[in-house]
Amino acid sequence: MVLERLSQLEPVARRLDPGPEERQALLQRLQAYSESFLQSLDMAPSYQASTEHDDLFEAPFAEAPLDMQAALELFDRHVVQPGINTTSARLFGYIPGGGLYPAALGDFLAAVTNRYAGVYFGAPGAVRMENQLLEWMAGVVGYPTSAGGNLTSGGSLAHLVAVVTAREAFGLRAADFERAVVYLSEQTHHSVAKALHIAGLGGCHQRLVPLDEGCRMQAEALVQAIAADRQAGRLPWLVVASAGTTDTGAVDPLETIAQIAADQQLWLHVDGAYGAFFALCEPGRRRLAGMGASDSIILDPHKGLFLPYGSGAVLVKDARQIYNAHQADASYMQDVVEALDQLSPADLSPELTKHFRGPRLWLPLKLFGTRPFAAALEEKLLLARYFYDRLGALESFERGPVPDLSIVTFRVRPPRGDPEAFNQKLVRLLQERGRVFLSSTRLQGRFTLRLAVLSFRSHLDDIELALEELQEASRLLVES
Ligand SMILES: *Cc1c(COP(=O)(O)O)cnc(C)c1O
């Protein structure tokens, strides 16, 4: 009975493990699709509204297979086409995405070999690769090699790990939560508040420190807020500074804030999700001075290193603190500190079994070397500055502050009518035309456009096109 059933099942089950020829055919189809996708990027719109008929989602998962070509067609039509083209050189909205080709190959390697990267014992090489990448990032932000960290799925999870580490390192207990104070600003990314909430710290005071005219935290106001809180019997705990805000790319005065946090014995956490990797180039490094004086920091390789989505990182200057916060049994910490490159991700994050994230970053760094990354990042800084300068020569545009990094804020001053309505219509029109994609925000209560340059594919031509499109679209609106 058993043998008979097995003989029926085995040939069907074996279909899960295609042989060499079949693998070759699958890969060829995949490669042909990737090439046609990449080669048509130049012509593709930067935004496309959703399709009406969705056979992808209407079709049930059937017992019978579909062939690769048909699957790719469904994927292209219903997944790749609609929405924002995050791989476009002309995407300047939100924080633009990446998608380095060798990163895709790194993911492929990680999936095919499927090493167990959560625990050193299971995959010592995989864990050391990830720790080496983190050590390299520690060098970029100015941390010592004794820092510890974790490759996460993104900045939000990285914040969560940092917040929990800061909570434990500070010795905050439930009884302290309602007295504890976190200092941040109106421009702090909302993922910080989300991390606090998830970590059970939603009841802490969140003190919004006032900003200067460049949307940077005012250090003097921070000092005053801390003093006022101490006076009132509250418990100042955590300062969150931004190394490049999402809205305007503003860099808080990190050196001064670090000094304040040190004097006041508060934990300083820096949000470098968008901005920290600019430290790979000299002008960026100067603008980000002071980052290394923090206690913890997050970075998003899926932003500043142009990786596909799903790559964040958290670093904690003292590796023992991230370890203690995530691993209950710390009695053998002595040995662990002597072998930092052997720390297991499972002891430094909420995860156990996890995506082997190392190769998607390791392969591009190895294949390209670091120089093209530094060049691309300096190029983005200059492109933003160039765009800002060019806008200055156009009478109908008013500009926000000189960009600290690669985000420019501005709006159109229409010849007549409500500027709010005009600028809102302008963003919509640009998105409909689909040649460039820009997004908007609200600054000091005013509807504001922003141009964020961070795609590795964006170069001077694309900025020129954005300038042209902006003028053309506003002309159409004025005439309509
Ligand atoms: C994108 C971003 C985040 C959140 O990171 P995710 O990777 O989207 O989770 C946090 N802070 C800043 C400044 C960001 O730009």
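Each ligand, and each atom within it, is numbered from 1 in the order the structure gives. The residues of the chain are indexed from 1 along the displayed sequence.
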Take atom [atom1] of [X] as the centre, draw a 6.0 Å sphere, and report whether it contains more than 12 heavy atoms from other residues, nucleotides or ligands.
| X | atom1 | result |
| --- | --- | --- |
| Lys317 | NZ | yes |
| Gln444 | CD | no |
| Glu178 | CD | no |

Name the closest protein heavy atom to atom 9 (O) of ligand 1, giving the residue it belongs to and the distance to 0.1 Å.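 It is Ser156 OG, 2.6 Å.
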Q) Considering only protein heavy atoms, which is closest to atom 6 (P) of ligand 1, and at what distance to one decimal place? A)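 Answer, as residue, atom name and distance: Gly155 N, 3.3 Å.
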Only heavy atoms of [X], strictly under 4.0 Å: list the atoms of ligand 1 that pass.
| X | answer |
| --- | --- |
| Ala273 | 2 (C), 3 (C), 10 (C), 11 (N), 12 (C), 14 (C) |
| Tyr274 | 15 (O) |
| His302 | 7 (O) |

* Is the closest heavy-atom distance from Asp271 to ligand 1 below 4.0 Å? -> yes
* If you measure from each heavy atom of Gly244 to ligand 1, is any distance below 4.0 Å? ->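 Flag set, Gly244 near ligand 1.
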* May I ask you to check whether Thr246 has an N/O atom sitting below 3.5 Å from an N/O atom of ligand 1? =>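 N/O-N/O distance under 3.5 Å: yes.
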Polar proximity ligand 1 side, Ile95 side, N/O cut 3.5 Å exclusive
no
Q. Given Lys303, His189, Lys194, which one has a non-hydrogen atom that is nearest to atom 15 (O) of ligand 1?
A.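 Heavy atom nearest to atom 15 (O) of ligand 1 belongs to Lys303.
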request  = Report yes or no: is the cationic atom of Arg399 (NZ for Lys, CZ for Arg) closer than 6.0 Å to the six-membered ring centre of Tyr388, at no more than 45° off its axis?
outcome  =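 Geometry flag: set, cation within 6.0 Å and 45°.
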Exactly one of Arg446, Arg442, Arg413 clears salt bridge (Lys or Arg N to Asp or Glu O under 4.0 Å) with Glu420, and that residue is Arg442
Kindly assign one of parallel, tilted or perpendicular to the pair Trp136 and Phe277, based on the angle between their ring planes and the thresholds 30° and 60°.
parallel
**Request:** Using the six-membered ring wherever Trp is involved, compare the ring planes of His159 and His269 and label them parallel, tilted or perpendicular (cut-offs 30° and 60°).
**Result:**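 Rings of His159 and His269: perpendicular, over 60°.
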Query raised in the report: Quick one: does ligand 1 sit under 4.0 Å from the side chain of Ser191, the backbone, both or neither, non-hydrogen atoms only?
Result: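 Looking at Ser191 and ligand 1, just side chain atoms fall under 4.0 Å.
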Check: Asp42 main-chain N/O paired with Arg90 side-chain donor or acceptor under 3.5 Å: yes
